[in-house]
*Asks:* 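Pasting a structure below so you can have a look.
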Amino acid sequence: MQEQLTLLSVRRVHSRAMLVLSNGETLVMPRAMLRERPYRGGTPFDRASYEAFIRDRAYPFAMEKAVALLSMRSRTERELREALRLAAYPETVVERVIERMSEAGYVDDADFAKSWAASRTSKGMGARRIRMELRQKGVASETIEDTLTALDEEDCFEGAMKAARKAAHGRDLSSPSDRQKITAALLRRGYDYSAARRALAALLEEEDHP
């Protein structure tokens, strides 16, 4: 005879719901799905019904979450996949959503990398820093290198100058120590030594010929 289960409690933790059963088991489900089936502690629990609910209804809820995430900002495939996994959607559902979003053009790592690199360049970040950030977001190495190669050289230089001017604020450019600190600041922002030296030289030129 099958054991009669009772749902002891429902704990909401961020985007997940933790269902604690009388047999000591804890089930994890997407918190958003409680809107449709508000499980409550102290009630009988039908596992077959629960599994059918997750199987039949997880996809539309996962799609809704994906759309909401992408409406806030563009994301890489890895970022979207990890967000859906964190919300406890089944792996088959996650892959189905990723495939649908990719087919529709809402998830495109190449486009993401291009936009990200352009934005970070304009904010004074160098190629090394941008490469690291895109790698952390799950963009493929080949896509990253293609993106960085395509960056406009003049835009990269303007970004380096922006970073150099910021680092030079309140410093004495005639001081070797201060010039070294400016160079170090550019290196931390992901510029290579050559780009840092070029920006510093241009900065010195600006000071000599305002």
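None of the values given here were measured: they were computed from a predicted structure.
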*Asks:* Could you tell me the separation between the OG1 atom of Thr43 and the CG atom of Leu5, rounded to the nearest 0.5 Å?
*Replies:* 11.0 Å
*Asks:* With sequence neighbours left out, write down each residue that passes salt bridge (Lys or Arg N to Asp or Glu O under 4.0 Å) with Glu145, or none if nothing qualifies.
*Replies:* Arg131
*Asks:* Please round to the nearest 0.5 Å and tell me the distance separating atom OG1 of Thr26 and atom CZ of Arg11.
*Replies:* 6.5 Å
*Asks:* Donor-acceptor pair, Arg128 side chain versus Leu187 backbone, under 3.5 Å?
*Replies:* yes
*Asks:* Would you call Lys162-Glu158 a salt bridge at under 4.0 Å N-O?
*Replies:* no
*Asks:* Report the hydrophobic cluster partners of Val28, with the cluster defined as I, L, V, M, F, W, Y residues connected by side-chain heavy atoms closer than 4.5 angstrom, directly or transitively.
*Replies:* Val13, Met18
*Asks:* Looking only at heavy atoms, which two atoms of Ser74 and Glu79 are closest? And how far apart?
*Replies:* O-OE1, 4.5 Å
*Asks:* Can you give me the closest heavy-atom contact between Leu69 and Ala83, atom names plus distance?
*Replies:* CD1-CB, 3.6 Å
*Asks:* Between atom CZ of Arg129 and atom CZ of Arg120, what is the distance when rounded to the nearest 0.5 Å?
*Replies:* 5.5 Å
*Asks:* Apply side-chain contact (heavy atoms from CB on, under 4.5 Å) to residues Arg47 and Leu27 and explain how you reach the verdict.
*Replies:* CA-CA 10 Å; Arg47 182 187 293 275; Leu27 302 178; 4.0 Å; yes
*Asks:* Got a sec, which residues hit side chain to side chain donor-acceptor pair (under 3.5 Å) with Arg85, two or more places apart in sequence or on another chain?
*Replies:* Glu91
*Asks:* Anything under 3.5 Å between a donor and an acceptor, one on a side chain of residues 92-106, the other on a protein residue two or more places apart or in another chain? List them.
*Replies:*
| from | atom 1 | to | atom 2 | distance (Å) |
| --- | --- | --- | --- | --- |
| Glu95 | OE1 | Arg81 | NH2 | 3.0 |
| Glu95 | OE2 | Arg81 | NE | 2.8 |
| Ser102 | OG | Ile98 | O | 2.9 |

*Asks:* Consider only side-chain heavy atoms of I, L, V, M, F, W and Y, link residues closer than 4.5 Å, and tell whether Tyr59 and Tyr89 are in one cluster.
*Replies:* yes
*Asks:* If you define the side chain from C-beta out and look only at heavy atoms, does anything of Arg37 sit under 4.5 Å from Ser49?
*Replies:* yes
*Asks:* Report yes or no: do Met29 and Val20 belong to one cluster of Ile/Leu/Val/Met/Phe/Trp/Tyr joined by side chain heavy-atom distances under 4.5 Å?
*Replies:* no
*Asks:* Can you tell me if Arg73 has over 12 outside heavy atoms packed within less than 6.0 Å of its CZ?
*Replies:* yes
*Asks:* Treating Ile, Leu, Val, Met, Phe, Trp and Tyr as nodes and any side-chain heavy-atom pair under 4.5 angstrom as an edge, say whether Val107 and Met72 lie in one connected cluster.
*Replies:* yes
*Asks:* Looking only at non-hydrogen atoms, find the nearest pair between Thr143 and Ala110 and report the distance.
*Replies:* CG2-CA, 3.8 Å
*Asks:* Would you mind reporting whether Leu70 and Arg75 have side-chain heavy atoms less than 4.5 Å apart?
*Replies:* yes
*Asks:* If you take all heavy atoms of Ala202 and Phe157, which pair is closest and at what distance?
*Replies:* CB-CZ, 3.8 Å
*Asks:* Quick one: does any side-chain atom of Arg16 pair with a main-chain N or O of Pro30 as donor and acceptor, under 3.5 Å?
*Replies:* no
*Asks:* Has Lys114 got more than 12 heavy atoms of other residues, nucleotides or ligands less than 6.0 Å from its NZ?
*Replies:* no
*Asks:* Linking I/L/V/M/F/W/Y whenever their side-chain heavy atoms sit closer than 4.5 Å, directly or via other members, would Ile54 and Leu34 fall into one cluster?
*Replies:* yes
*Asks:* For Gly124 and Ala163, which heavy atoms make the closest approach, and how far apart are they?
*Replies:* O-CB, 3.6 Å
*Asks:* Tell me who clusters with Leu148, hydrophobic residues only, linked when side chains sit under 4.5 Å apart either directly or through other members.
*Replies:* Phe112, Trp116, Met125, Ile130, Leu134, Val139, Ile144, Leu151
*Asks:* Go through it in stages, so that I can follow the logic: the residues are Leu204 and Arg179, the test is side-chain contact (heavy atoms from CB on, under 4.5 Å), and I'd like the CA-CA distance, side-chain angles, deciding distance and then a yes or no.
*Replies:* CA-CA 10 Å; Leu204 291 168; Arg179 292 199 301 271; 4.1 Å; yes
*Asks:* So for atom CZ, which belongs to Arg171, do other residues, nucleotides or ligands contribute more than 12 heavy atoms lying within a distance under 6.0 Å?
*Replies:* yes
*Asks:* In Å and rounded to the nearest 0.5 Å, what is the CG to OG1 distance from Asp111 to Thr147?
*Replies:* 9.5 Å
*Asks:* Is it true that Leu8 and Tyr39 fall in one hydrophobic cluster, defined by side-chain heavy atoms closer than 4.5 Å?
*Replies:* no
*Asks:* How far apart are the C-alpha atoms of Leu186 and Arg197, what are their side-chain angles, what is the distance that settles it, and do they pass the side-chain contact (heavy atoms from CB on, under 4.5 Å) test?
*Replies:* CA-CA 9 Å; Leu186 290 172; Arg197 284 180 60 86; over 6 Å; no
*Asks:* Output the distance between atom CG (Leu200) and atom CE (Met161), rounded to the nearest 0.5 Å.
*Replies:* 9.0 Å
*Asks:* What's the shortest heavy-atom distance between Asp172 and Ser174, and which atoms?
*Replies:* OD1-OG, 2.6 Å
*Asks:* Could you walk me through whether Leu203 and Arg165 satisfy the side-chain contact (heavy atoms from CB on, under 4.5 Å) test, starting with their C-alpha distance in whole Å, then the side-chain angles of each, then the deciding distance to 0.1 Å, before giving a yes or no?
*Replies:* CA-CA 7 Å; Leu203 205 61; Arg165 293 187 186 103; 3.6 Å; yes
*Asks:* Are Lys137 and Asp109 packed together at the side-chain level, in the sense that at least one heavy-atom pair is separated by less than 4.5 angstrom?
*Replies:* no
*Asks:* List the residues meeting salt bridge (Lys or Arg N to Asp or Glu O under 4.0 Å) with Asp108, not counting sequence neighbours, and say none if there are none.
*Replies:* none
*Asks:* Atom CG of Asp155 and atom CD of Glu153: how far apart are they, to the nearest 0.5 Å?
*Replies:* 10.5 Å
